[in-house]
Amino acid sequence: MRRTLIAGNWKMNGSLSSLETLINGIKEGLADVKNADMAVCPPAIYIPRVSELIGDASIGLGSQNICDQESGAFTGELAPSMLKEFNCNYAIIGHSERRSLYAESDELVARRFAMAVKSGITPLFCIGETLDEREAGVTQDVVSRQLDAVINTQGIEALAQCVIAYEPVWAIGTGKTASPEQAQAVHAFIRGKLAALNTSVADKVQILYGGSMNAANAAELLSQPDIDGGLIGGASLKAVDFLAIGKAA
Ligand code: PEP
């Protein structure tokens with residue numbers, strides 16, 4: 001039985017004081033979230049403070065990036081060992097904003113994935129098609145290619161050590177959510193592709209949906225058989241909304 005995970009991607013939002021208020025608000029309401037694990041991914045500079053505020057509360061902590069190298073001359077990057085010093089157990093990898101705005105290739109994403117796994121940090125591995133790709137009918141080809149970048153370099157077993165986030169790019173930050181049927185269809189395709197290679201990996205891996213998930217649409221999306229949680233952008237920035245998604249699980 002796969003556990004539901006609701007992870008908040010705070011992106012480049014907030015300030016020290018607003019994010020302190022946010023994490024404290026999440027902590028206060030956490031006892032009412034019965035059927036999901038919760039995690040937050042703050043901007044890197046706030047990770048130490050958020051880690052401190054999480055303390056021993058049961059909230060996962062993730063970074064929004066992780067370097068594909070262990071240390072050295074990689075200006076602007078975050079070493080896995082640094083993230084571990086602040087108890088980060090997740091790292092978002094392959095988010096569409098990194099792929100499209102910062103030209104991250106499938107190959108670089110796969111290298112970041114490998115370094116996270118090697119370091120004991122769970123990749124939140126984002127995949128998904130653009131609107132043009134969906135309209136051209138190549139959604140399955142796109143998510144397959146993105147998955148293959150990891151499978152072909154690290155083997156299918158590596159996927160057992162990550163959380164996949166299917167995030168149709170056209171639904172991210174647009175208010176246009178994929179319908180539960182559209183999302184389920186792609187989630188089932190992803191799980192089926194993995195099952196063709198290794199059924200136990202396919203059964204185990206959590207596949208989250210991301211793209212304008214909110215308190216109003218979460219319950220229906222999360223009730224789909226292959227949707228194991230959500231990666232939440234905008235709606236993770238208010239404790240009450242984020243907690244409502246957790247409670248919908
Ligand atoms: C995201 O960026 O991962 C995301 C899902 O954003 P939003 O919920 O705002 O669409």
Side-chain angles (χ1 to χ4, degrees), residues 4-14 18-19 22 26 36-44 46-47 50 59-66 88-104 109 112-113 116 122-131 133-134 139 142-143 146-147 162-180 182-184 186-187 190 206-222 224 226-249:
T4 299
L5 172 65
I6 304 295
N9 175 10
W10 293 353
K11 309 196 188 189
M12 198 174 71
N13 289 301
S18 73
L19 296 180
L22 176 57
I26 295 169
D37 294 329
M38 305 295 278
V40 296
C41 303
Y46 299 130
I47 286 174
V50 173
I59 301 173
L61 180 62
S63 77
Q64 297 175 18
N65 197 5
I66 184 168
C88 279
N89 47 342
Y90 294 106
I92 298 175
I93 292 174
H95 192 280
S96 67
E97 287 151 19
R98 301 293 316 171
R99 291 180 189 264
S100 67
L101 302 175
Y102 298 96
E104 291 203 7
V109 169
R112 292 192 194 279
F113 184 114
T122 303
L124 286 172
F125 175 34
C126 302
I127 58 176
E129 81 289 359
T130 63
L131 185 57
E133 289 164 339
R134 173 159 283 260
T139 297
V142 172
V143 298
Q146 293 169 329
L147 288 166
C162 83
V163 172
I164 295 172
Y166 167 60
E167 299 209 300
V169 179
W170 47 272
I172 296 180
T174 59
K176 268 192 227 156
T177 317
S179 69
Q182 281 175 318
Q184 167 58 26
V186 182
H187 282 235
I190 294 167
Q206 290 164 300
I207 309 178
L208 313 189
Y209 166 80
S212 300
M213 191 189 271
N214 57 40
N217 60 30
E220 218 184 333
L221 284 160
L222 294 172
Q224 301 301 310
D226 289 295
I227 300 186
D228 307 314
L231 182 56
I232 320 294
S236 70
L237 293 170
K238 278 199 189 144
V240 65
D241 293 347
F242 188 54
L243 289 164
I245 297 172
K247 285 184 239 172

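The first residue of the sequence shown is numbered 1, and numbering continues consecutively from there. These numbers were taken from a predicted model, which means no experiment stands behind them. As the structure lists them, so they are numbered: ligands from 1, and atoms in each ligand from 1.
- Here the heavy atom of the protein found nearest to atom 9 (O) of ligand 1 is G234 N, 2.9 Å.
- Here N9 has side-chain heavy atoms under 4.0 Å from ligand 1, and that is the only part of it that gets that close.
- At under 3.5 Å, not a single nitrogen or oxygen of M213, backbone or side chain, sits near a nitrogen or oxygen of ligand 1.
- Counting all heavy atoms, side chain and backbone alike, V142 lies closest to G128 at CG1-O, 3.9 Å.
- Nearest heavy atoms, A116 versus I93: CB-CD1, 3.9 Å.
- Close contacts of ligand 1 with G210, meaning ligand atoms under 4.0 Å from a residue heavy atom, involve 5 (C).
- Contact between S63 and I47 at its shortest, heavy atoms only, is CB-CD1, 3.8 Å.
- Surrounding CD of E220 are at most 12 heavy atoms belonging to other residues, nucleotides or ligands under 6.0 Å away.
- With Q206 contributing its side chain and T4 its backbone, the two residues share no donor-acceptor pair below 3.5 Å.
- Nearest non-hydrogen protein atom to atom 1 (C) of ligand 1 is H95 NE2, 3.2 Å.
- To the nearest 0.5 angstrom, F125 atom CZ is 13.0 Å from R112 atom CZ.
- Distance alone, capped at 3.5 Å, is enough to place a donor-acceptor pair between the T177 side chain and the S212 backbone.
- Among all protein heavy atoms, the one lying closest to atom 3 (O) of ligand 1 is E167 OE2, 2.7 Å.
- Of all atoms in ligand 1, numbered sequentially from 1 with element shown, those under 4.0 Å from a heavy atom of A171 are 10 (O).
- Using cut-offs of 30° and 60° on the angle between ring planes, the pair Y209 and H187 is tilted.
- Each of I245, L208, D37, L231 was scored for a side-chain contact (heavy atoms from CB on, under 4.5 Å) with I6, with one residue passing: I245.
- Using a 4.0 Å cut-off to heavy atoms of G173, the atoms of ligand 1 that qualify are 7 (P), 9 (O), 10 (O).
- Within the 4.0 Å heavy-atom criterion, neither part of A165 lies near ligand 1.
- By the 4.0 Å heavy-atom criterion, G211 is counted among the residues contacting ligand 1.
- Here the protein heavy atom with the shortest distance to atom 2 (O) of ligand 1 is K11 NZ, 2.5 Å.
- Nearest to atom 4 (C) of ligand 1 by heavy-atom distance, out of G233, G230, S212, is G233.
- Close contacts of ligand 1 with L231, meaning ligand atoms under 4.0 Å from a residue heavy atom, involve 3 (O), 5 (C).
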